[in-house]
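Single-structure report; data block below.
Note that the structure is a prediction, hence the values are computed from the model and not measured. So you know, we letter chains A, B, ... as the sequences are listed, proteins then strands, and number each from 1.
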Amino acid sequence: MTKNLSSYEGLVSATVINELRQLGERLAGKKVVHVNSTREGGGVAEILDWMVPLMQDVGLDVSWEVIEGTSDFFSVTKKFHNGLQGFPVHISSQEWQTYREVNETNAVRLRPILEEADLVVIHDPQPAPLMGLCPNRKGKWIWRGHIDVSRPTRSVWQGLRPFVAGYDASIFSMCQFAQTLPHPQYLIPPSIDPLSPKNIDLDPEELSAVRYQYNLDSQKPLLVQISRFDRFKDPLGVIAAYKLVRKSQPVQLVLAGGGASDDPEGQQVLEEALEAAAGDPDIHILLLPSDAHKTINALQRLASIVIQKSTREGFGLTVTEGLWKGKPVIGGDTGGIRLQLVNYHTGFLVNTPEGAAHRIRFLLHHEKLRNVMGIKAREFVRENFLLTRQLREYLTLFHIVSSNDGSSTIFI
Amino acid sequence: MDDFIIQDCTLLSRTSTVPPAINLRELRDRLANCRPQVIYHHFCETTLVPSFDNPDYRNDFAVWAKLYIGDRVLAEQLGIINPYAYTDLEKLREEVLEILDQRLSEVYDIASCQSGSEFFFTEAVTVVFDTGLRVSTPEALPEAIGKMTNGSIYYHFLESRRREPVGLDDFSTWLSNFPDQEAGRHNLQMLDYSFSTLTELRNELVQALEKGGAS
């Protein structure tokens, strides 16, 4: 079903919708192309899945292109991902060459549309070299970094920086992620789509069906972490926290995540989690298909507490998703999770499995506080972290870069 | 009398060229040299920046002092500053530097924040546009305000104080053309906006005007 803005009336005010239409009208007909590396799986694809039709709905001529890569290419870009998040990796000259060659191949296919576009938004490092491969580009090019690059492995960032530096602007989710670059760096936190299958309200019957399907006990508090099986999401730390809680009270844990076509490392992390959970019937490790959005939605709604115990994180949209479902969230004290969790307010920030276990026990003990925090959290998301806000900021950025006006106030 | 023209604005934050500060001394030194827009952003525009918090203080410097370097004395001193009382941002900078210098002279150990909690100096670009909406009579103003975006509320009630006539909000300026709206004007000018989110402020503005007889 094609998304349109009027569907969101009721979730946000008509005035907010009208504001977006007015910003869009003044950009009507502009050709915008988004480019990333996967059509499904992972946060970027989810964002583009709603952003593209909504930008079209406000009058822009928008398309979404996906670069095609080999397994070697995605292994390299996964190493980029890890390296940018601070994990020590070495990229060989052969791997850099693979990166460039795959982009050169994609540039042959994409060059006509990219060079004609008024605005091109390149998401993450995978397609970053495309700009340099489009010498006759006429529009503005924006690089959107979704990853936490606050402390990148130096050699990886040094290798990638030349591909990014020539852009007209870049976008980061938080100022902590920004790097020294010779162009303006704008800050746009991501957001969630309240009408997507992952976030839409569900009937009690749908919740019961998921509880039954995964053999969850309705009498035991449920802890849920939804994440790719990625080392930085620390699934083993979550299991350790669960085991500490389990010593004092009955509890059950779901670790659920999908794979993404650009993440070859996931299988190994999944196997490590399965091994850590072996023999415990209250730990449910679910490798879900990429379209299991309603299942994820139901698991978050069934949860007593949502966990996101990452040790490195981009923004951590699963935290916002949990908050939108009225759940306090216990999250790792890192990246964008810090923006979203305010202790005793929307959840708790933790640094260790012990810290997570402590806060889980605290929240399970204080049921009323848990509910109050959940209600408050949902309203913060409504006000600031629904897709309408992010769409507004992208449209604002398009106005800024199109205006060629360096002043701090632009009248359109 | 001319109609009230409802403008809207959207704001986009961006990094500044100022490196982050990890302690009070760095905060002081960087603040002394940053662009005025940076000071304005952290004092005034922060209310438009998406957040999961409704902090005690309405400027980023006070919030950082309290939450990240644990200096509650400084937070209180910075938190009470009304940036709109300064017609010149350089005067505001002088006032903040005075407070920081005083505090630096009082503390023996200069506390640093944890890694990742540095103070990041940012600024913003604001895009302003005409909504096409007009208000013809004072009686129609409360209802119109009730339907405004947060951007419009910010632009007409807070940001307006920087524009001529300096220190006044746009609603009051427009109502001054209507002698029978003195009570509403007075209520608007007495409104303490320091503790409200923009959503709360919208409701308070409507109430202030309705109490003044405009409804």
Side-chain angles (χ1 to χ4, degrees), chain A residues 13-16 18-19 22-23 25-26 150-151 169 171-172 174-176 178-181 184-189 191 319-320 323 333-335 338-342 345-347 376-377 379-381 383-385 389-390 392-397 399-400 403 405-412, chain B residues 6-20 35-38 40-41 45 48-55 67-68 114-133 144 146-153 155 159 162-163 197-200 202:
Chain A
S13 71
T15 320
V16 168
N18 190 45
E19 181 182 49
Q22 292 199 318
L23 283 167
E25 276 169 18
R26 291 161 168 87
S150 51
R151 286 183 183 77
I171 308 172
F172 293 93
M174 301 168 62
C175 48
Q176 285 86 340
Q179 290 290 319
T180 304
L181 288 165
Q185 297 171 65
Y186 294 94
L187 305 171
I188 304 184
S191 61
V319 173
T320 308
L323 297 176
D333 187 3
T334 186
R338 283 182 174 155
L339 274 185
Q340 301 174 71
L341 298 184
V342 180
H345 196 63
T346 54
K376 198 184 294 181
E379 289 313 305
F380 271 109
V381 177
E383 191 70 31
N384 292 310
F385 286 89
R389 191 268 308 152
Q390 191 178 188
R392 186 186 69 220
E393 292 184 327
Y394 267 84
L395 296 175
T396 303
L397 176 58
H399 279 292
I400 292 168
S403 74
D405 183 340
S407 64
S408 58
T409 304
I410 295 169
F411 294 87
I412 58 171
Chain B
I6 300 180
Q7 305 273 4
D8 197 354
C9 74
T10 67
L11 171 148
L12 193 57
S13 301
R14 68 182 186 193
T15 58
S16 74
T17 53
V18 184
R35 286 158 34 112
Q37 293 95 311
V38 174
Y40 180 73
H41 181 63
E45 293 174 332
L48 272 176
V49 175
S51 161
F52 275 90
D53 198 8
N54 188 6
L67 292 182
Y68 299 110
Q114 284 188 340
S115 173
S117 298
E118 300 86 351
F119 188 93
F120 287 87
F121 293 85
T122 53
E123 54 186 87
V125 182
T126 306
V127 171
V128 182
F129 59 98
D130 184 345
T131 62
L133 300 171
K147 291 178 180 171
M148 284 183 187
T149 61
N150 285 352
S152 290
I153 296 292
Y155 184 79
E159 199 274 345
R162 298 173 74 200
R163 290 181 262 120
T197 63
L198 290 168
T199 305
E200 291 164 345
R202 176 171 41 238

- Has the side chain of B:Ser152 got a donor or acceptor atom that lies under 3.5 Å from a matching backbone atom of B:Gln7? yes

- Message: Quick check on A:Leu395 against chain B: is it the side chain, the backbone, both or neither that has a heavy atom closer than 4.5 Å?
- Response: neither

- Query: Given the options B:Cys9, B:Ala124, B:Ser115, B:Ser16, which has more heavy-atom pairs under 4.5 Å with chain A than any of the others?
  - Reply: B:Ser115

- Message: Given the ring of B:Phe121, does B:Arg35 sit roughly above its face, with NZ or CZ under 6.0 Å from the centre of the six-membered ring and within 45° of the axis?
- Response: no

- Under 4.5 Å from a heavy atom of chain B, the part of A:Ser13 involved: neither

- Message: We want to know whether B:Thr199 and A:Glu383 form a side-chain donor-acceptor pair, criterion being a heavy-atom distance below 3.5 angstrom.
- Response: yes

- Note on the structure: Of B:Asp8, B:Leu198, B:Val125, the largest count of non-hydrogen pairs under 4.5 angstrom with chain A goes to B:Val125

- Message: Hydrogens and angles aside, do A:Gln22 and B:Thr131 bring a side-chain donor and acceptor to less than 3.5 Å of each other?
- Response: no

- Message: Is A:Ser150 in contact with chain B via its backbone, its side chain, both, or neither, using a 4.5 Å heavy-atom distance?
- Response: neither

- What residue in B:Leu11, B:Asp130, B:Thr122, B:Thr17 has the most heavy-atom pairs under 4.5 Å with chain A? B:Asp130

- Please determine, among A:Asp333, A:Ile400, A:Leu187, the option with the most heavy-atom pairs under 4.5 Å with chain B. A:Leu187

- Under 4.5 Å from a heavy atom of chain B, the part of A:Ser407 involved: backbone

- May I ask you to name which of A:His399, A:Gln176, A:Arg151 has the most heavy-atom pairs under 4.5 Å with chain B? A:Gln176

- Mark yes or no for whether A:Glu393, through its side chain, and B:Leu12, through its backbone, hold a donor-acceptor pair below 3.5 Å. no

- Query: Once you round to the nearest 0.5 Å, how far does SG of A:Cys175 lie from CZ of B:Phe119?
  - Reply: 9.0 Å

- What distance separates B:Thr10 OG1 from A:Arg389 CZ, expressed to the nearest 0.5 Å? 12.0 Å

